[in-house]
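The structure appears right after this line, and notes come after that.
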Amino acid sequence: MMQDQDWWRGAVIYQIYPRSFQDSNGDGIGDLGGIVRRLPHIAGLGADAVWISPFFTSPMKDFGYDVSDYCNVDPMFGTLSDFDAVVARANDLNLKVMIDLVLSHTSDAHPWFALSRRDRSNPKADWYVWADPRPDGTPPNNWLSVFGGPAWAWDARREQYFLHNFLTSQPDLNLHCPAVQDALLDVVRFWLGRGVHGFRLDTINFYFADRYLRDNPPLPKELRNDSIAPGVNPYNHQLHLFSKNQPENLDFLRKIRTVMAPYNAAAVGEVGDAQRGLEIMAEYTSGGDKVQMCYPFELLQPKRATAQVLEQTFARLNAAAPDAWPCWAFSNHDTVRHITRWGLTDAAARAYATLLVCLRGSVCLYQGEELGLPEADIAFDELQDPYGIEFWPEFKGRDGCRTPMVWEADNRLGGFSTAEKAWLPVPAGHLGRAVSRQADDPASMLAHYRAALALRRAHPVLRGGAMSPLVAQGNVVSFTRQDGAETLFCAVNLGGGPADVALPDGKWTAVGAGPDLAPVQGARARLGPWQACLALRGQG
């Protein structure tokens, strides 16, 4: 068993999107009371921790990622006492609690911004990124918003522009101001004092903007990809050299690590960068003095993670920093669910789940992933996401992955709520994959995820061991994991045809059994479509 100070290393973290997890008061919106009720499901799955997306006081223009009070709970979700109950119940179930801190920007309804925009001489005048217009009145530079259009909004009170990398109602904090850093570190202390075990740090590489507000250079068309923003968004036309990824970020991350250290807490940073995500992750997790983990976008991209893509990804990671610690995920609250994004059958989804738990790094599962939920198709008149509304129909936004969790198959809203209507519709096609339908079925997707997480728990080498270079041969990826006690060989067929695999020299014994795992036959294994082979090297 890992020592507690390294609980995060190789941990399986289950992401809860609170609006859609479980409604406990019948208003059609999930809440903290609902999380308390459903935590046993996560513990039974075999996860080590939960990451709870924002539940702070907010106008909800970006569904909680626009914070107006960092140290309180929005009434929609409950109270601070309800949050304390979440922590207490999680502790009872041996689950760590991580919360989503949005430190790069606030809501424009935050009292800090209300004061900052009043004039140019108030005590918080420099708490946000303000800039004078160019002589012709246009914004100070060419930076673009992730959500479309310029990253600058005009404020008539100050006769200046303020920076917003996301919605206009999400002004960016100026972390070049020491008082802003101090205030944010106090937020970290507040939640650590309430018993959280760590943080998911939203948009961690957006904390600082270039002091001189220099223009971003153009990005050649052949280098563009839509892992951060949809292809129809002009955001992809720039190399975001100056609007994010600034070197000053490293010292601030060291300050966060220093605050967390006495609490034995850990952080995973979301690295939102389409070109240098792995390299930035290496910078942010190296040296043992910044964040413990980073959450790159390489396996969240629209392009399926084929054997060749995986080989290239891990080669890049090893070249950038072999000791970097990633937190791998296939799905989250911002991307099309990977079942739909990659066009996976159930057999393919099981193969990818097996692969995920065998990779070096920690793991993040998004609610409903363990049920094999596909993306929901949401009609335009039911959309809630401003991002989707802006770019419809070429990009349908994030609502399709945020629909309510389905607990009961024979309930119109899937057991999510007793309300007449949920905040987003529950797709009829999801009901057949409800927890109640899968819980006792040994052939279900839920059973497969339970078995995969149990495998990871049973073999500490999968949580913290070294990993050999990942090799792609046709549709098969293979590698070994090794520590002082075990050497485990992993091969996964990510294709629809059979494949032969040669195991490294030595005597090997197959681990596990079942239709998704191929037996070992001497020094070889015959993998069927979407099958894996897991084998332990014998001693002596």
Side-chain angles (χ1 to χ4, degrees), residues 15 17-20 28-30 53-54 58-66 76 102 105 107-108 143-153 164-171 202-203 206 219 221 224-238 240 243 270 272 274 297 300-304 330-344 366-369 373-406 413-414 416 421-430:
Q15 183 192 354
Y17 192 69
R19 292 180 71 96
S20 296
I29 299 171
S53 289
S58 167
M60 298 295 166
K61 292 182 180 178
D62 191 25
F63 302 105
Y65 285 90
D66 49 328
M76 174 185 299
V102 188
H105 56 266
S107 164
D108 60 1
W143 297 353
L144 296 172
S145 164
V146 176
F147 285 175
W152 296 95
H164 63 93
N165 274 297
F166 299 92
L167 294 177
T168 305
S169 57
Q170 293 172 299
D202 184 66
T203 58
F206 283 78
L219 182 68
K221 189 173 183 179
R224 298 173 194 166
N225 72 61
D226 53 357
S227 64
I228 305 302
V232 294
N233 189 339
Y235 187 80
N236 294 309
H237 292 224
Q238 290 185 357
H240 302 280
S243 53
E270 178 200 27
F297 279 59
L300 291 163
Q301 296 198 34
K303 183 179 180 181
R304 183 169 72 86
F330 294 149
S331 290
N332 68 16
H333 64 294
D334 282 334
T335 61
V336 173
R337 288 183 178 273
H338 72 282
I339 298 288
T340 300
R341 194 172 78 244
W342 293 344
L344 303 183
Y366 180 51
Q367 65 183 50
E369 180 176 341
L373 293 186
E375 184 82 352
D377 188 13
I378 308 295
F380 181 77
D381 61 0
E382 293 180 307
L383 281 185
Q384 303 289 330
D385 182 15
Y387 201 5
I389 292 169
E390 174 71 20
F391 287 103
W392 180 276
E394 286 76 17
F395 173 65
K396 297 183 178 181
R398 301 164 295 177
D399 288 335
C401 66
R402 297 178 174 183
T403 55
M405 183 74 170
V406 283
L413 294 182
F416 164 71
K421 184 178 181 181
W423 80 282
L424 280 175
V426 177
H430 282 194

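None of these values were measured; they are calculated from a predicted model. Count residues from 1 along the sequence.
Scanning both residues, Val406 and His430, for their nearest heavy atoms gives CG2-O, 3.5 Å. In plain terms, the two heavy atoms of Gln367 and Ser20 that are nearest each other are NE2-O, 3.4 Å. When all heavy atoms of Gln384 and Leu424 are compared, the closest pair comes out as CG-CD2, 3.6 Å. Residues Val232 and Phe395 share a closest heavy-atom pair of CG2-CB, 4.4 Å. Considering every non-hydrogen atom in both Ala153 and Thr168, the closest pair reads CB-CG2, 3.5 Å. Summarising the geometry of Asp377 relative to Lys396, their closest heavy-atom pair is OD1-NZ, 3.8 Å, with the distance given to 0.1 Å.
Residues satisfying the side-chain hydrogen bond (donor to acceptor under 3.5 Å, both in side chains) test with Ser145, not counting sequence neighbours, are none. Evaluation of the side chain to side chain contact (heavy atoms under 4.5 Å, CB included) rule for Thr335 yields Leu300, Asn332, Arg341 as partners, not counting sequence neighbours. Applying the side-chain hydrogen bond (donor to acceptor under 3.5 Å, both in side chains) criterion to Trp143, with sequence neighbours excluded, gives no partner residue. For Ala422, the side chain to side chain contact (heavy atoms under 4.5 Å, CB included) partners at least two apart in sequence or on another chain are Pro404, Leu413, Phe416. Among residues two or more places apart in sequence or in another chain, the ring-ring contact (aromatic ring centres under 6.0 Å, His included) test is passed with Phe297 by none. The side chain to side chain contact (heavy atoms under 4.5 Å, CB included) search around Ala428 returns none, not counting sequence neighbours. Remark: Leu144 engages Pro234, Tyr235, Gln238 in a side chain to side chain contact (heavy atoms under 4.5 Å, CB included) (not counting sequence neighbours). Residues meeting the salt bridge (charged side-chain N to carboxylate O under 4.0 Å, His left out) test with Arg337, sequence neighbours left out: none. For Glu270, the salt bridge (charged side-chain N to carboxylate O under 4.0 Å, His left out) criterion is met by Arg200, not counting sequence neighbours. Not counting sequence neighbours, the partners of His338 by the ring-ring contact (aromatic ring centres under 6.0 Å, His included) test are Phe330, Trp342. Not counting sequence neighbours, the partners of Tyr65 by the side-chain hydrogen bond (donor to acceptor under 3.5 Å, both in side chains) test are Ser53, Asp100, His333.
Residues Arg19 and Met76 meet the side-chain proximity criterion, which asks for heavy atoms closer than 4.5 Å. Between Leu383 and Trp392, some side-chain heavy-atom pair lies under the 4.5 Å cut-off. A heavy-atom distance below 4.5 Å is not found between the side chains of Phe391 and Glu394.
Within the model, atoms CZ of Phe147 and CG of Asn233 stand 10.0 Å from one another, a figure rounded to the nearest 0.5 Å. Of the inter-residue distances, the one linking Asp62 atom CG with His105 atom NE2 reads 6.5 Å to the nearest 0.5 angstrom. Considering CE of Met60 and OG of Ser169, their distance stands at 12.5 Å, rounded to 0.5 Å.
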Practice task
Begin from the C-alpha positions of Val146 and Tyr387 and carry the test side chain to side chain contact (heavy atoms under 4.5 Å, CB included) through to its verdict.
Solution key: CA-CA 9 Å; Val146 176; Tyr387 201 5; 4.0 Å; yes
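Legend: salt bridge (charged side-chain N to carboxylate O under 4.0 Å, His left out) pairs involving residues 379-390, not counting sequence neighbours, sorted by first then second residue: Asp385-Arg398.
Checking side-chain atoms of Asn236 against main-chain N and O of Arg224 turns up no donor-acceptor pair under 3.5 Å.
If you check the side chains of Ser58 and Asp66, you find a donor sitting under 3.5 Å from an acceptor.
Residues Tyr17 and Phe63 place their aromatic rings such that the two centres sit no closer than 6.0 Å.
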